[in-house]
Amino acid sequence: MAVETLPELLEGLNEPQRAAVTFGDGALLILAGPGSGKTRVITHRVAYLVRERRVAPWRLLAVTFTNKAAKEMRARSAALLGEDAGSLAMGTFHALCARWLRIDGHTIGLDRNFTIYDADDQERLMKRTLDDLRMDPKKHSPRAILSQISHAKNEMLSREGYAARIQTYDQEVVARVWARYEELMRSSSAVDFDDLLLKTVQMFAQSEEAIEKYAGRYQYVLVDEFQDTNPVQYQIAHALAAGFVGAGSEPERRIDAAGRRLGYRNIAVVGDPDQSIYSWRAADIRNIANFEADFPGREVVLLEQNYRSTAPILMAAESVIDRNPYRTPRRLWTARPGGDMITGYEAYNDEEEGEFVANEVRRLANAGRKLSAIAVLYRTNAMSRPIEDALVRHRIPYRLIGGVRFYQRREVKDLIAYLRLIHNRLDEASLLRVLNVPGRGVGKTTVARLREWAASMQLGTWDACEAVAGGRLDTGITGRSAAGVREFVIAINALRAKRELPLTMLLDDLLMATGYLRYLREGEPDAAEDRVESIDQLRAVMIQYSDIAGDVSDLAQFLNDVALVADVDEVEGGANAVTLITLHNAKGLEYPVVFMVGLEEGVLPHIRSFDDPKQMEEERRLAYVGITRAEDLLYLTRSYRRFMMGGTMANPPSRFLLDIPKEVVRPWGSTTPGLRAGSYAEAVAIAPPQEDLPEIEAEYGPGQLVRHVKFGVGIVVSARANGGDVEYQVTFEAAGVKRLLQSYARLAPA
DNA sequence: GTAACCGAACTTTTT
DNA sequence: GTTCGGTTAC
């Protein structure tokens, strides 16, 4: 017995944390508020099970929400355990399922070299499907159909099940399209994200061998971010812990081939209903109730002490989330004394909001804060733009998470499509993507002919290409188009012969064989440099895949991982840069300084949630998640005007701001008159309604020189009435042309 | 039959 | 301010 390690393991943990760490066998529900040391509890529990209970590491399974979380968990467990953490099974549902399916998917007829399609590939294939069925993609939006299918899959509804309960015409369309879509996926040897989960459940349900193997292997199952699991994911967790598929049915005991009971029923789930923000991805909080039903007698541990944030930040968070109905009241508390007030700032427009953030970042950096300690959080990716612009102006380095995602960039997707095709020639979406990239004279008509011929011969499109390359004429493809197809086939086959080469060499050969670089340079000379840079980045990623251990090729492993990376996975602590990130992506992260921007009605809460109370509650949780990312300093900003969807919007301050007690908010000097003192609620109360504004006369005329606090000296180009105000167009020496409202922009004669 | 150009529609959040 | 699809020009 390693007696001396137990006190070490429990040192510095509070009572509920200890209870969770040392919980023995059975089912455990850990309700963990933000900053309550959740990861610490999980890693210490892993260490406890291995050290004290002598559980072999490979018999522990931990499911996380992102690859990054898995990586961190593994690293921290390893630090507690020493070297024997390598065999711990940790990963996202999707990554784990992909691994299991590659090994045992053959039991349900799945090829081990299947390709994983992302949303982009799916959309491409869906358009094809509609095309095949002679349906108008404008009448039936591919995306909407896919989202219907996805939702059904995540609800564990099979295509047959869906078809059986059709009620509307639209559903009938979906059912019809779904059938053909599935055929195409199958013949492409492809699966989508939802299939990874669903097929795993199918495998566990249909293959005795598979369920015995995995339920027999994992003695302890742990699921993190449980509030964001959807029904299929829950089914998987349940199957592994209980030894059979069928959560919700009578608990039973399964016997394996050796006569042992299957399913250890040791399962711990960690979650926080207040941080459930993925219902649109079919996540279902009811899983918490299901858990209680499927694992009767489960214990509950509540983690309520917050170690992350100051009292004012927690106060703000609580006052926002507390307004959600039907929530189990819970109090977070902190032992941290003092703490700065929250800073509230009202900007005139989104550009100025960015200026404010950049100025504050600069000030904080000068005061000794590391840039890596600072994050800017926003509701939608598009909102990063004005922040980025301001940071660039101030020469402040930043890291953008998400946005135009690396693996979504055209050049990266093109090259990956080539690699996938080399790996799996059935991959229809990839084939159609690159068949004419760079242009080879293979246009729409030729593609249609290829597909028609393939269909008539019961073959794939790739076979049709090979037929053309082989000189077959009954395809109706001749001349330049036929030459293009032949060129393509020769290139792919030549590269295929090199698929065991180190990936970077394969990439270089690929670029050479296809003339891709020249295509970039000639196609869009302006963007070429950028795109070549992302190819270099891709090469850098590939280097990590040289000679990986394991029984699959580097290429297979690379393609698998690349399909499953999330944006947050790229977040690193080390870089000396400000982090720009969406609220969704920020879940699970923490920063000493947090700026939450765009706290406006229509933005946060998002306009799409206005007519649905359920969604509005989720927006509130999103605000709660954002606020609770902050450790020391929190800035809540909103902008009077915002440029979005091609126009300028004037949004009132977010209702969430109004919920925060003024005692914890310090309003910052605002450019909006009358909004300088008091809380947000006060500020709004004293701001005169728009229509009562007195008519303002233009103080300056075109041609006059004026001075602006921020932009310096400029010349008035035009002045015109605008909603009781005067809007000027002014050209500044340094900042260029700006539109300014007289009542807000404090202009002075120059 | 293909490439280039131009207008329209749209942007919530993502494994 | 983007990307997609349709139309026109070659």
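Computed from a predicted structure; not experimentally measured. A, B, ... follow the sequence lines: proteins, then strands. Residue 1 opens every chain.
At least one side-chain nitrogen or oxygen of A:Asn381 sits closer than 4.0 Å to the OP1 or OP2 atom of B:dT13. For A:Thr446 and B:dT2, the shortest distance from a side-chain N or O to OP1 or OP2 is below 4.0 Å. Put simply, A:Asn154 has no side-chain N or O that comes within less than 4.0 Å of OP1 or OP2 on B:dT15. Listed pair A:Asn585 / B:dT13 fails the phosphate criterion, with no side-chain N or O lying under 4.0 Å from OP1 or OP2. The side chain of A:Arg143 contributes no N or O atom lying less than 4.0 Å from OP1 or OP2 of C:dT3.
Contact annotation for A:Asn67: no contact, since no heavy-atom pair falls under 4.0 Å across all strands. A:Glu225 comes within contact range of no nucleotide atom at all, as no heavy-atom separation falls under 4.0 Å. At a threshold of 4.0 angstrom between heavy atoms, the contacts of A:Ser609 with the nucleic acid are absent.
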For A:Arg451 and A:Asp132, run salt bridge (Lys or Arg N to Asp or Glu O under 4.0 Å): C-alpha distance rounded to whole Å, both residues' side-chain angles, the deciding distance at 0.1 Å, then the answer. CA-CA 9 Å; A:Arg451 300 193 76 237; A:Asp132 286 356; 2.7 Å; yes
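Interface residues of residues 230-237 of chain A facing DNA chain B, ordered by number: none; criterion, heavy-atom separation under 4.0 Å.
Ranked by how close their nearest DNA chain B nucleotide is to the 5' end, A:Gly443 and A:Arg608 are led by A:Gly443.
Taking the P atom of each, B:dT13 and C:dC4 are spaced 16 Å apart, rounded to whole Å.
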Residues 479-487 of chain A side chain polar contacts: donor-acceptor under 3.5 Å, at least two apart:
unit_1, atom_1, unit_2, atom_2, d
A:Ser481, OG, A:Gly441, O, 3.3
A:Ser481, OG, A:Thr446, OG1, 3.4
A:Arg486, NE, A:Ala469, O, 3.3

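We find that NZ of A:Lys68 is positioned 16 Å from C1' of B:dT15, with the value rounded to whole Å. A:Glu522 places its CD atom 15 Å from the C1' atom of B:dA4, with the value rounded to the nearest Å. Nucleotide B:dT15 holds its C1' atom 15 Å from the CG atom of A:Leu101, rounded to whole Å. Taking atom CD of residue A:Glu351 and atom C1' of nucleotide C:dG1, one finds them 15 Å apart after rounding to whole Å. Atom CD of A:Glu618 and atom P of B:dT13 are 14 Å apart (whole Å). The distance between atom CG of A:Asp350 and atom P of C:dG1, rounded to the nearest whole Å, is 11 Å. C:dT2 atom P lies 11 Å from atom CZ of A:Phe643, rounded to whole Å. At whole-Å resolution of the value, NZ in A:Lys587 and P in B:dT14 are 12 Å apart.
The aromatic ring of A:Tyr278 is not stacked on the base of B:dT14, since the criterion of ring centres less than 5.5 Å apart with planes inclined by under 30° is not met.
Taking the charged nitrogens against the carboxylate oxygens, A:Lys614 and A:Asp612 have no contact shorter than 4.0 Å, which rules out a salt bridge.
In the set B:dT11, B:dT13, B:dT2, the nucleotide with an atom closest to the side chain of A:Thr380 is B:dT13. Of all nucleotides listed (B:dT13, B:dT2, B:dT11), B:dT2 comes nearest to the side chain of A:Thr445. Distance from the side chain of A:Arg480 is smallest to B:dT2 among B:dT11, B:dT14, B:dT2. The A:Arg385 side chain lies nearest to C:dT2 when the options are B:dT2, C:dT2, B:dT13.
Defined by atom type and a distance below 3.5 Å, a donor-acceptor pair is present between the side-chain atoms of A:Asp104 and A:Tyr214. A side-chain N or O of A:Glu225 and one of A:Gln227 form a donor-acceptor pair less than 3.5 Å apart. Of the N and O atoms on the side chains of A:Tyr234 and A:Asn290, not one donor lies less than 3.5 Å from an acceptor on the other residue. Neither side chain, A:Tyr545 nor A:Gln557, offers a donor N or O lying under 3.5 Å from an acceptor on the other.
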Filtered N/O pairs between nucleotides 4-8 of chain C and protein, under 3.5 Å:
unit_1, atom_1, unit_2, atom_2, d
C:dG5, OP1, A:Lys127, NZ, 2.8

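For the pairing with A:Arg629, the side-chain contact (heavy atoms from CB on, under 4.5 Å) check across A:Leu377, A:Leu583, A:Leu634 returns one residue only, A:Leu377. Just one of A:Asp284, A:Asn287, A:Asp224 meets the side chain to side chain donor-acceptor pair (under 3.5 Å) condition when paired with A:Thr229; it is A:Asn287.
Note that A:Arg102 lies in the cation-pi zone of A:Phe114, set by a 6.0 Å cut-off to the ring centre and a 45° limit from the axis.
Residues A:Arg433 and A:Arg420 have side chains not in contact (no heavy-atom distance under 4.5 Å, counting atoms from C-beta outward).
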